[in-house]
Amino acid sequence: MITVFDVETSFQITEDGKKDPSAKNPNNFLVCMGINDEYVFFRHNEFKGIPNKKIVQDILDKTKLLIGHNIKFDLLWLWEAGFKYDGRVYDTMIGEYVMNKGIKRSLKLKHCCEYRGVVQKSDLIEPYLEKNISFERIPIGLVEEYGRLDVKATRSLYEAQMLQLKKPQHKHLINTLKTMCRFLVVLAKIEDNGIYIDMNTLNNLQQEFENEHAKLRVEIDEIIYNRMGDTKINPASTEQLSWLVYGVKVKDKKLWSNTFNLGIDPVTKKKKKRPRLTGTQLKQIFARQLEPVQKTKARQCETCLGKGVIRKLKTNGQPYKNLSRCADCDAKGFIYSSLKDKAGFAASPDSAMDVAEGGFKTDKNTLEKMARQGDEFLKTFVDKITRYNALEVYLNTFIDGIKKHTSDKNYLYPSFMQTVTATGRLSSRDPNFQNQPRGNTFPIRKAIASRFDGGSIMEIDYAQLEFRTAVFLAQDKQGIKDIENGVDVHQYTADIIGCSRQDAKAHTFKPLYGGMSGTENEKKYYSAFLKKYPDIKAWHEKLQDDAVRRKVVTLPSGRQYAFPKAERMPWGGSSFSTQIKNYPVQGFATADIVPLACINIQELLEENNTKSLLINTVHDSIVADVYPGEEVVVASCLGNGCLKVVQTMKEMYDIDFNVPLDVEIKVGSNWLETKVYA
């Protein structure tokens, strides 16, 4: 039996004014459920009867395919309410996402129904939700009518999608949809398991970070004073930081922006293409449009006595009620006099790619590049400001985010989303666990520990997955040979560029995605990479040709990315070239291969009846909370599950994956302090 269902729940309003309807919030509860033609209330202010749970479970017991829109949310509530279902699921939101082929459109049920021209969902309760009135307080008749229409709309959307999938332009997406829906169930189980947080460790880390953050701010301010005099520089301001690093400021921002074609193209919605300029042309523009920044000395404004505001008098001599800005010092309280000494570090930008709207780029990679070319003082400053910014991210994004969403029992339940990125790669929220530094560079991982007394955290990582994926997709002969011979591609990168192996990883991946800009050594490496792996270069050309001619790029799994506006450019490449080269690698590696590994591992853990649990997956790694004594069996499940994807790809997609895959398993008392598992 095919069953369509939809749940409505209570929700809480968070400190930042958002609705939290999650099943793990102890203050939330299941209000009602529409399931096929039945509608069951569990808890509502107007409901005085006894919930008919049996009718729901009876339907679930007969169900072979359970359908919903954003069904992971409903599935988690189903389990939380004590219902049992372990069969197949289909998510109409994922269906729409896959058929959108990477083009971003709203995936709300209402909009998806509009796209398909099918039964619309109801807007009856929108006025209540806008006022943050939860479902248990909305008139019960409206809730039921709304819920029944949601079920009807979801069924209609499912039927419309099935018709679409029979058409030639969509039929090869079926297996991608199947995999994503199977992966959805695994993600629901991972979310339901949660991550145990050692709050003592987290609090200690917070204190350490705050102390170091405060100390660094003092040291940074001292460096700024040494280089700028009394001129105040806010390190969070990219424009002011540019003055400090490069020692110059833009005379006319509008002219600067037009000269370098800055901003977003209104048609493509992408960054505009920078002009191609010779070194001589660039120097001439800099000479005309930039002026040096001078050190300054400040003296207290005599008009406002350093307050920045003054009390003005009316024509009758009476004072105005409110204070006015001091015009003499522009409300700063101080008047700055320029000294003869030039300010800043006088770093030299390489090309037009270093230009930004306020002057020049000051992101982490650019600052590190400038530091390598500058003196020791600039290097010291860059090291300190980089660490300072990292600490701000640790404190504001991760520690605050973890604390905000961790339950009273110290469990964190991040939400995984399969339909946000263009490539199919996972994203997450509450907090964002996908956007974090890798491995032992991320100290907050120390707070992620086992829930079991004597338990451990075990992680498995694919080795060089993006590189191996690109080699397979391009069938690059040299790449296959290097992988079979154990050549460390990251060390090869590091040797040419002259950096550490860890820092080299980003550069290894860059030419896979068509990147060619950077320092002279970086450019040298990117050229060497494409010479060494000519089949990857040829594959890039084929991808662009497919995008321009067919307006779509297809992966071996059947997953597709549409590029309806792709066209050939005068220099021979294509518009959207970065995305055209990037999406297939990232998509096949982390949206096709890693989900299959997670599915395999979950099945193996269940077959072995382990108490150990999967608790996270980030990019190409998968993390388990291991019950004491189960280390051997869990390591076997992780290793076999990841390597079995070669067989699974053959079964699912008829893909002969002829590039060796390699994995590394680590284990430790927490996620940070792990060692290679023997």
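Looking at E673, its side chain never comes within 3.5 Å of a backbone N or O of N670 through a donor-acceptor pair. A donor-acceptor pair is defined here as one N or O able to donate and one able to accept, closer than 3.5 Å; such a pair exists between the side chain of K251 and the backbone of R288. Side-chain N or O atoms of T617 include one that pairs as donor or acceptor with a backbone N or O of S621 at under 3.5 Å. Listed for the W539 side chain is no donor-acceptor partner under 3.5 Å among the backbone atoms of K581. In this structure, the side chain of K253 does not engage the main chain of G358 through any donor-acceptor pair within 3.5 Å. A donor-acceptor pair under 3.5 Å links the side-chain atoms of K295 to the main chain of N226, judged by distance alone. Proximity of a side-chain donor or acceptor of D230 to a complementary backbone N or O of A298 within less than 3.5 Å is detected. Here the side chain of N582 pairs no donor or acceptor atom with the backbone of T578 at under 3.5 angstrom. Side chain of E459 to main chain of V623: no donor-acceptor pair is present (N/O by atom type, distance under 3.5 Å, no hydrogens or angles). At distances below 3.5 Å, at least one donor-acceptor pair connects side-chain atoms of D476 with backbone N or O atoms of I536.
By the 30° and 60° cut-offs, the orientation of the rings of Y388 relative to H213 is parallel. Ring planes of F398 and F442: perpendicular class, angle over 60° (limits at 30 and 60°). Relative orientation of the F563 and F576 rings is tilted, given thresholds of 30° and 60° on the angle between their planes. Taking the six-membered ring where the residue is Trp, F260 and F286 present tilted rings, their angle falling between 30° and 60°.
Using a 4.0 Å cut-off between charged nitrogen and carboxylate oxygen, K404 and E15 do not count as a salt-bridge pair. Using a 4.0 Å cut-off between a side-chain N of Lys or Arg and a carboxylate O of Asp or Glu, D363 and K361 do not qualify as a salt bridge. With respect to the salt-bridge test (charged N to carboxylate O, under 4.0 angstrom), the residues E368 and K364 qualify. At a threshold of 4.0 Å, the pair E208-K446 does not count as salt-bridged, since none of the basic side-chain nitrogens sits closer than that to a carboxylate oxygen. A salt bridge is absent between D383 and R387: the closest approach of a Lys/Arg side-chain nitrogen to an acidic carboxylate oxygen does not fall below 4.0 angstrom. Looking at D341 and R227, no side-chain N of the basic residue comes within less than 4.0 Å of a carboxylate O on the acidic one, giving no salt bridge.
Judged purely by distance below 3.5 Å, without hydrogens or angles, the side chains of Q544 and S574 pair a donor atom with an acceptor atom. If you check the side chains of D495 and Q491, you find a donor sitting under 3.5 Å from an acceptor. Side-chain atoms of T421 and S427 form no donor-acceptor pair, as typed in the model, at a separation below 3.5 Å. Donor-acceptor pairing under 3.5 Å is lacking for the side chains of N261 and K273. Donor-acceptor pairing under 3.5 Å is recorded for the side chains of N211 and Q207. In this structure, a donor-acceptor pair under 3.5 Å is absent between the side chains of S237 and N234.
A side-chain contact (heavy atoms from CB on, under 4.5 Å) with L367 holds for exactly one of V382, N389, L378; it is V382. Each of L244, I223, T362, I220 was evaluated against I385; a single residue qualifies, I220, per the side-chain contact (heavy atoms from CB on, under 4.5 Å) test. The side-chain contact (heavy atoms from CB on, under 4.5 Å) test with Q289 is passed by exactly one of V248, V250, L255, D252: L255.
Checked against a 6.0 Å centroid threshold, the rings of F381 and F377 do not count as neighbours.
Here the side chains of V293 and M228 are in contact, with some heavy-atom distance below 4.5 Å. Contact of the E376 side chain with the K379 side chain is registered, since non-hydrogen atoms from C-beta on lie closer than 4.5 Å. The side-chain heavy atoms of Q294 and L339, taken from C-beta on, include no pair separated by under 4.5 Å. The closest side-chain heavy-atom distance from D488 to Q464 is below 4.5 Å. Under the 4.5 Å side-chain criterion, counting only non-hydrogen atoms from C-beta, Q418 is not in contact with Y97. Put simply, the side chain of R372 does not reach to within 4.5 Å of the side chain of M370, judged on heavy atoms. Taking 4.5 Å as the limit, every side-chain heavy atom of I580 sits out of range of all side-chain heavy atoms of H540.
In this structure, the separation between NZ on K307 and SG on C326 is 11.5 Å, given to the nearest 0.5 Å. We find the CG-CG distance between D198 and L205 to be 9.0 Å, quoted to the nearest 0.5 Å.
Atom NZ of K272 has more than 12 neighbouring heavy atoms from other residues, nucleotides or ligands inside a 6.0 Å radius. Within 6.0 Å of atom CZ in R429, 12 or fewer heavy atoms from other residues, nucleotides or ligands are found, so the atom counts as exposed in its surroundings. At most 12 heavy atoms of other shown residues, nucleotides or ligands fall within 6.0 angstrom of atom NZ in K18.
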Please test E302 against D328 for side chain to side chain contact (heavy atoms under 4.5 Å, CB included), starting from the C-alpha separation and ending with a verdict. CA-CA 9 Å; E302 296 176 358; D328 291 348; over 6 Å; no
